[in-house]
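Have a look at the structure below before the remarks.
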Amino acid sequence: MHYLGMSWGLARLDTHVYIDGFNLYYGLLKVNPHKWLNLERFCDQLLPKNNVIKIYYFTAKVDARANDPDQPTRQQAYLTALGTLPRVEIEYGTFMTNAVSQPLLALNATGRFIRSGGKPVLQYQPNGTATKAWVLKSEEKGSDVNLAAYLMRDAYQGNCQCAVIVSNDSDLLTPIRMVKADCGMVIGLAPPREKGSVELRALADFSVQPRPHHLTSSQFASPLVIDGNDLHKPASW
C-alpha cells in the first residue's frame with residue numbers, strides 16, 4: 001500500500017468502500033478463476049490498516065444472451081452469496097441493450113483489427129464512406145452516478161473518515177475533489193487495472209493495488225450454506 005501525504009499516523013480510520021461491480025469484473029476478475037469473491041474478506045485483506053465498516057457494491061442485472069443464456073443465473077448466484085455479508089450493500093443501476101449502427105474495423109489476415117498511428121483503422125467502401133453494420137450494444141447505466149451520490153452523502157453526513165474507490169472511472173474526479181475539499185475526507189484508490197486513471201491516482205491520498213493473493217484468499221466456500229440450502233459456485237463463468 002502506498003500512502004501519499006498522510007498525517008494521521010497509525011490510526012485505523014472508519015472506512016467505506018465503493019465498488020463499481022462491472023469495473024471490478026472487467027478490470028480484474030474476468031480473466032481469472034476467482035470470481036466467487038467474498039467482498040468483506042477481500043476488502044479487509046486489501047486494507048489491513050483501515051476499519052472497513054461498509055462496502056457498497058454497484059451493479060445492474062444482466063440479460064440473457066443467445067450465446068450466453070446462463071449469464072443472469074450466474075450473476076444471481078453471486079448476488080445471493082453477497083447477500084450473506086452484513087457489511088455489503090448492493091445498489092442497482094440498469095442494463096440497457098440497443099441495436100446501433102457502428103463502423104467496422106479493418107482486419108488483417110489473422111482476423112485482428114489493424115492500427116495506424118496507434119489508432120484502429122476503419123473499413124471503407126469504394127465510394128470512400130465507412131462500412132457500417134448493425135450491432136447489439138449493451139451499456140450499464142447508473143453505477144457511476146450511484147457511486148458518486150453515496151460517496152457524497154457519506155461525506156456530508158460524516159458517516160466515515162475514509163472512502164476507498166474500487167474503480168478506474170475518471171468520471172468520479174469531480175465528486176472526489178468536492179468531498180476532499182468540503183469535508184476533508186481521506187480518499188483511497190484500489191484500481192482494478194494497474195494502468196488505471198492517472199488523474200484518479202494523483203487525486204487519491206493513498207492507493208493499493210489488488211494482487212492475485214488477495215483474490216485467492218478471499219473466495220466464498222462452495223457450496224455456501226444459506227438457510228440450510230447449498231449454493232454452489234457456477235461451474236463456468
Side-chain angles (χ1 to χ4, degrees), residues 1-25 27-29 34 37-59 82-91 143-220:
M1 186 182 294
H2 304 287
Y3 290 92
L4 307 175
M6 296 168 70
S7 60
W8 51 84
L10 299 177
R12 285 171 57 85
L13 298 182
D14 286 345
T15 299
H16 286 187
V17 181
Y18 306 78
I19 300 174
D20 183 327
F22 284 93
N23 215 291
L24 175 66
Y25 179 82
L28 185 64
L29 299 179
H34 307 304
L37 188 63
N38 181 318
L39 293 182
E40 287 189 352
R41 197 173 304 155
F42 174 68
C43 291
D44 287 340
Q45 294 198 52
L46 197 63
L47 301 162
K49 296 183 179 180
N50 296 63
N51 180 30
V52 178
I53 59 177
K54 190 75 174 180
I55 301 164
Y56 295 105
Y57 182 74
F58 300 94
T59 189
L82 289 183
T84 67
L85 303 177
R87 285 181 286 161
V88 172
E89 182 175 322
I90 304 172
E91 299 297 335
S143 285
D144 53 351
V145 174
N146 289 342
L147 194 159
Y150 277 76
L151 171 66
M152 296 183 73
R153 182 193 67 178
D154 286 343
Y156 289 116
Q157 292 183 354
N159 294 334
C160 59
Q161 299 163 294
C162 174
V164 175
I165 313 297
V166 183
S167 177
N168 290 308
D169 192 346
S170 59
D171 288 345
L172 299 171
L173 287 169
T174 295
I176 290 174
R177 287 193 187 100
M178 292 175 68
V179 300
K180 282 172 63 73
D182 295 351
C183 307
M185 179 176 272
V186 177
I187 297 294
L189 181 66
R193 288 190 179 92
E194 287 199 46
K195 294 183 179 179
S197 167
V198 175
E199 295 89 349
L200 279 177
R201 286 185 181 274
L203 191 58
D205 295 294
F206 68 92
S207 65
V208 56
Q209 187 64 51
R211 299 297 181 188
H213 70 88
H214 294 129
L215 302 178
T216 57
S217 60
S218 301
Q219 298 295 294
F220 282 111

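Source: prediction; values computed, not measured.
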Worksheet entry | Spacing of OG belonging to Ser170 relative to CZ belonging to Arg201, to within rounding of 0.5 Å | 13.5 Å
Worksheet item: Looking at side-chain heavy atoms only, is the closest gap between Lys54 and Cys160 below 4.5 Å?
Response: no
Discussion item. For residues 165-189, which residue pairs pass the salt bridge (charged side-chain N to carboxylate O under 4.0 Å, His left out) check, not counting sequence neighbours?
Written reply: Lys180-Asp205
Worksheet item: Would Phe206 and Val164 satisfy side chain to side chain contact (heavy atoms under 4.5 Å, CB included), going step by step from the backbone distance to the final call?
Response: CA-CA 9 Å; Phe206 68 92; Val164 175; 3.9 Å; yes
Worksheet entry | Inter-residue atom distance Cys162.SG - Leu47.CG, 0.5 Å rounding | 7.5 Å
Discussion item. Test of understanding: with side chain to side chain donor-acceptor pair (under 3.5 Å), list the residues that count as partners of Glu91, not counting sequence neighbours.
Written reply: Tyr150
Discussion item. Minimum heavy-atom separation for Met152 and Pro175, please, with both atom names.
Written reply: SD-CB, 3.9 Å
Worksheet item: Which value, rounded to the nearest 0.5 Å, describes the distance between Leu82 atom CG and Glu89 atom CD?
Response: 12.5 Å
Practice prompt. Using atom types as modelled and distance alone, determine if a side-chain donor or acceptor of Arg87 lies under 3.5 Å from a backbone N or O of Val52.
Written response: yes
Discussion item. Could you check whether any side-chain heavy atom of Tyr56 comes within less than 4.5 Å of a side-chain heavy atom of Asp154, counting everything from C-beta outward?
Written reply: yes
Discussion item. Restricting to non-hydrogen atoms, name the atom on Pro191 and the atom on Pro210 that form the minimum distance, rounded to 0.1 Å.
Written reply: O-CD, 3.5 Å
Worksheet item: So, do Val208 and Lys49 sit near enough that their side-chain heavy atoms are less than 4.5 Å apart?
Response: no
Response to the item:
Residues passing the ring-ring contact (aromatic ring centres under 6.0 Å, His included) test with Tyr57, sequence neighbours excluded, are none
Discussion item. Testing the basics here: between Ser167 and Leu189, what is the closest heavy-atom pair and its distance to 0.1 Å?
Written reply: O-CD1, 3.6 Å
Practice prompt. Apply the test side chain to side chain contact (heavy atoms under 4.5 Å, CB included) to residues Cys43 and Ile19: give CA-CA distance (whole Å), side-chain angles for both, the deciding distance (0.1 Å), then the verdict.
Written response: CA-CA 10 Å; Cys43 291; Ile19 300 174; 4.3 Å; yes
Discussion item. Between Leu215 and Leu28, is there a side-chain heavy-atom distance shorter than 4.5 Å?
Written reply: yes
Discussion item. For the CG atom of Leu37 and the CD atom of Gln219, what is their distance to the nearest 0.5 Å?
Written reply: 6.0 Å
Discussion item. In the structure I gave you, are the side-chain heavy atoms of Leu203 and Leu173 within less than 4.5 Å of one another anywhere?
Written reply: yes
Worksheet item: From Tyr25 OH over to Asp20 CG, what is the distance, rounded to the nearest 0.5 angstrom?
Response: 14.0 Å
Worksheet item: If only atom types and distance count, is the side chain of Gln161 paired as donor or acceptor with the main-chain N or O of Asp14 below 3.5 Å?
Response: yes
Worksheet item: Under a 4.5 Å cut-off applied to non-hydrogen side-chain atoms, are His34 and Pro212 in contact?
Response: no
Response to the item:
Here the gap from Gln209 atom CD to Arg193 atom CZ, rounded to the nearest 0.5 Å, amounts to 11.5 Å
Worksheet item: Okay, side chain of Arg12, backbone of Pro48: is any donor-acceptor separation there less than 3.5 Å?
Response: yes
Worksheet entry | Passing option when Ile165 is tested against Leu200, Leu147, Asn23 for side chain to side chain contact (heavy atoms under 4.5 Å, CB included) | Leu147
